[in-house]
Enquirer: 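Dumping the structure here so I can ask a few things about it.
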Amino acid sequence: MKKLLLAFQFLTIIPVKDTGIVSDREVGGSAAFFPLIGIVQGALLVCAAATLLRIFPIGLTNLLVMLLLVITNGALHLDGLADTFDAIASRGDRQKKLAIMKDSTIGPAGVIAIVFVLMLKYLLLNEAYSSSTPATYYLILFLLPIYSRWAMVPAIFHCRSARADGLGKAFIENVGVKELLTATALSLIFSLLAVFVIFHKPDLAHVAFSLPALYIFSLITVWFCGRRFGGMTGDTFGAVSELSEILFLMMAVICLRNFTS
């Protein structure tokens, strides 16, 4: 329970019971429950969309749903995305890039990254709605935060820390096979349950394509960050989460447009 509460503290602004003093091992262990945070957020998104669609058109509904996701995250992942892209755009050495990521100010590259990510999410959600049934649209909304939270776990598992200290290092050094397998199992189980509830059959095809693709994306990100920064940081994990949402929505739209009638 303590590790689950830690996961809520790290990934959301949802108020939970104070966990008190925690060890680095408990910090790493909380990663196993990242998909459960996505489940809570996914349920919130579905409930919000179902309510808002009774009042507003789909364009405004998707905008408000995106706002809800950003608010519940405390804009933490968007901040990590901006810091990461500011560092990528820098022409300095690794130490300068890491210093840029630690700086609280956001540069032009970070602003552009946030704008494009939000625009892409908005357009992809609109396309997902117009290319599918309401049930499929709700399934996509439910799975979106689950898979993006899960994508951080393989990235943490496979990477090395770019810094000698910090929260990111505590995760990297304490996420093992157990945490990765637990997070993956939770993602698969709740994905299949959602598919069964919506479509009344445990159709693995609805979810099987996403996790392998996001795993590969996480590995590519680990390699890229290793080359650019000497490893990964908490900011790059936030970037993985945000970009995973884009990738998942793109895959969903491609499938809807090409493999459904």
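By convention here, the first residue in the shown sequence is residue 1.
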Enquirer: Please round to the nearest 0.5 Å and tell me the distance separating atom CD1 of Ile140 and atom OH of Tyr147.
Expert: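 OH of Tyr147 is found 11.0 Å from CD1 of Ile140.
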
Enquirer: Atom CD1 in Ile71, atom OG1 in Thr12: separation rounded to 0.5 Å?
Expert: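 Rounded to the nearest 0.5 Å, the CD1-OG1 separation comes out at 13.0 Å.
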
Enquirer: The test is side-chain contact (heavy atoms from CB on, under 4.5 Å); show your working for Phe237 and Ile172 and say whether it passes.
Expert: CA-CA 11 Å; Phe237 298 144; Ile172 292 166; 3.7 Å; yes

Enquirer: Out of curiosity, does Ile112 fall in the hydrophobic cluster containing Phe85 (side-chain heavy atoms, cut-off under 4.5 Å, transitive links)?
Expert: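 Different clusters.
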
Enquirer: Do Leu69 and Phe116 share a hydrophobic cluster, counting only Ile, Leu, Val, Met, Phe, Trp and Tyr and linking them when any side-chain heavy atoms are less than 4.5 Å apart?
Expert: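 As far as the 4.5 Å side-chain criterion goes, Phe116 and Leu69 are not connected within one cluster.
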
Enquirer: Heavy atoms only: give me the nearest Gly231-Ala162 pair and the separation to one decimal.
Expert: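 Smallest interatomic distance, heavy atoms only, reads C-CB, 3.6 Å.
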
Enquirer: Would you check, one step at a time, whether the test side-chain contact (heavy atoms from CB on, under 4.5 Å) holds for Ile156 with Glu179?
Expert: CA-CA 10 Å; Ile156 296 170; Glu179 287 75 24; over 6 Å; no

Enquirer: Evaluate Leu4 against Phe8 for side-chain contact (heavy atoms from CB on, under 4.5 Å), listing each step before the verdict.
Expert: CA-CA 6 Å; Leu4 177 59; Phe8 271 103; 4.0 Å; yes

Enquirer: Sort and list the pairs that fulfil side chain to side chain donor-acceptor pair (under 3.5 Å) and have at least one residue in residues 62-81, not counting sequence neighbours.
Expert: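 Matches after skipping sequence neighbours: Gln41-Thr72, Gln41-Asn73, Asn62-Asn126, Asn62-Tyr137, Asn73-Arg149.
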
Enquirer: Excluding sequence neighbours, so at least two apart, what forms side-chain hydrogen bond (donor to acceptor under 3.5 Å, both in side chains) with Asp83?
Expert: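 With neighbours one apart ignored, the set is empty.
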
Enquirer: Between CZ of Phe34 and OG of Ser148, what distance do you get to the nearest 0.5 Å?
Expert: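 Taking CZ in Phe34 and OG in Ser148, the distance rounds to 11.0 Å.
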
Enquirer: Write down the atom of Thr236, the atom of Cys225, and the distance for their closest heavy-atom approach.
Expert: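 Here Thr236 and Cys225 meet closest at CG2-SG, 3.8 Å.
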
Enquirer: Would you find a donor on one side and an acceptor on the other, under 3.5 Å apart, between the side chain of Glu26 and the backbone of Ser23?
Expert: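 Answer holds: yes.
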
Enquirer: Ile13 versus Leu76: any side-chain heavy-atom pair under 4.5 Å?
Expert: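 Heavy-atom side-chain distance check fails, nothing below 4.5 Å.
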
Enquirer: With a 4.5 Å heavy-atom cut-off, do Arg94 and Phe229 have their side chains touching?
Expert: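 Heavy-atom side-chain distance check fails, nothing below 4.5 Å.
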
Enquirer: May I ask you to check whether Tyr129 and Thr61 show a side-chain donor-acceptor distance below 3.5 Å?
Expert: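 Judged by distance alone, the side chains do not pair up.
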
Enquirer: Minimum heavy-atom separation for Phe142 and Ile39, please, with both atom names.
Expert: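 Nearest heavy atoms, Phe142 then Ile39: CE1-O, 3.7 Å.
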
Enquirer: Between the side chain of Tyr122 and the main-chain N/O of Gly59, is any donor-acceptor distance below 3.5 Å?
Expert: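 Checked: pair present.
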
Enquirer: What's the separation between atom CD1 in Ile114 and atom CD1 in Ile106, rounded to the nearest 0.5 Å?
Expert: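 Output value for this atom pair is 4.5 Å.
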
Enquirer: In chain order, what residues pass the side chain to side chain contact (heavy atoms under 4.5 Å, CB included) check against Arg228, with sequence neighbours excluded?
Expert: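 So Arg228 forms a side chain to side chain contact (heavy atoms under 4.5 Å, CB included) with Ile88, Lys97, Phe224.
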
Enquirer: Going only through I, L, V, M, F, W and Y residues with side-chain contacts under 4.5 Å, is there a path from Leu214 to Ile220?
Expert: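 No: no chain of side-chain contacts under 4.5 Å links Leu214 to Ile220.
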
Enquirer: For Lys121, which residues count as a side-chain hydrogen bond (donor to acceptor under 3.5 Å, both in side chains) partner, sequence neighbours excluded?
Expert: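 If we apply the side-chain hydrogen bond (donor to acceptor under 3.5 Å, both in side chains) test to Lys121, skipping adjacent residues, the hits are Glu242, Glu245.
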
Enquirer: Can you hop from Val177 to Leu180 via hydrophobic side chains spaced under 4.5 Å?
Expert: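 Same cluster: Val177 reaches Leu180 through Ile, Leu, Val, Met, Phe, Trp or Tyr contacts under 4.5 Å.
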
Enquirer: Between Arg163 and Gly234 (side chain of the first, backbone of the second, donor and acceptor by atom type, cut-off under 3.5 Å), is there such a pair?
Expert: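 Checking the backbone N and O of Gly234 against the side chain of Arg163, no donor-acceptor pair under 3.5 Å is found.
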
Enquirer: Taking only residues two or more places apart in sequence or in another chain, which ones pass ring-ring contact (aromatic ring centres under 6.0 Å, His included) with Phe10?
Expert: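 By the ring-ring contact (aromatic ring centres under 6.0 Å, His included) rule, Phe10 matches Phe171.
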
Enquirer: Checking ring pair (Phe, Tyr, Trp, His ring centres under 6.0 Å) against His158, which of Tyr215, Phe217, Trp223 comes through?
Expert: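 Result: among Tyr215, Phe217, Trp223, Tyr215 is the only option passing the ring pair (Phe, Tyr, Trp, His ring centres under 6.0 Å) with His158.
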
Enquirer: If you compare all heavy atoms of Val240 against all heavy atoms of Ala151, which two are closest, and at what distance to 0.1 Å?
Expert: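 Heavy-atom minimum between the residues: CG1-O, 3.8 Å.
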
Enquirer: Kindly indicate whether the side chain of Met232, heavy atoms from C-beta on, has any atom under 4.5 Å from the side chain of Thr221.
Expert: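 SC-SC contact between Met232 and Thr221 confirmed.
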
Enquirer: So Leu211 and Trp150, do their side chains get closer than 4.5 Å, heavy atoms only?
Expert: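 Side-chain contact under 4.5 Å: yes.
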
Enquirer: Going by side-chain hydrogen bond (donor to acceptor under 3.5 Å, both in side chains), name the residues that satisfy it together with Arg160, two or more places apart in sequence or in a different chain.
Expert: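 For Arg160, no residue satisfies side-chain hydrogen bond (donor to acceptor under 3.5 Å, both in side chains) once neighbours in sequence are set aside.
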
Enquirer: Do Ser210 and Leu143 make a side-chain contact, defined as non-hydrogen atoms from C-beta onward lying under 4.5 Å apart?
Expert: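 Not touching, per the 4.5 Å side-chain cut-off.
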
Enquirer: Atom CD1 of Ile100 and atom CG of Asp235: how far apart are they, to the nearest 0.5 Å?
Expert: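 If I round to the nearest 0.5 Å, the distance is 11.5 Å.
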
Enquirer: Report yes if some heavy atom in the side chain of Leu219 is under 4.5 Å from a heavy atom in the side chain of Pro154; otherwise report no.
Expert: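 No, their side chains stay 4.5 Å or more apart.
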
Enquirer: Given Tyr138 and Leu53, is the side-chain contact (heavy atoms from CB on, under 4.5 Å) satisfied, shown in steps?
Expert: CA-CA 12 Å; Tyr138 290 134; Leu53 280 172; 3.5 Å; yes

Enquirer: To check you understand the geometry: which heavy-atom pair defines the closest contact between Ser132 and Ala128, and what is its length?
Expert: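 Taking Ser132 first and Ala128 second, the nearest heavy atoms are OG-O, 2.5 Å.
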
Enquirer: Would you check if there is a donor-acceptor pair between the side chains of Thr184 and Ser187 at a distance under 3.5 Å?
Expert: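 Per modelled atom types, Ser187 and Thr184 side chains form no pair under 3.5 Å.
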
Enquirer: Is it the case that one hydrophobic cluster holds both Ile216 and Leu243, taking links as side-chain heavy atoms less than 4.5 Å apart, direct or via other members?
Expert: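 As far as the 4.5 Å side-chain criterion goes, Leu243 and Ile216 are not connected within one cluster.
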
Enquirer: Mind listing the closest non-hydrogen atom pair of Ser30 and Leu6 along with its distance?
Expert: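 It is CB-CB, 3.9 Å.
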
Enquirer: So do the side chains of Leu63 and Phe56 get within less than 4.5 Å of each other, counting heavy atoms only?
Expert: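 The answer is no, as the side chains (C-beta and beyond) never meet within the 4.5 Å cut-off.
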
Enquirer: Please round to the nearest 0.5 Å and tell me the distance separating atom CD1 of Ile254 and atom CG of Leu124.
Expert: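 Reported value, rounded in 0.5 Å steps: 9.0 Å.
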
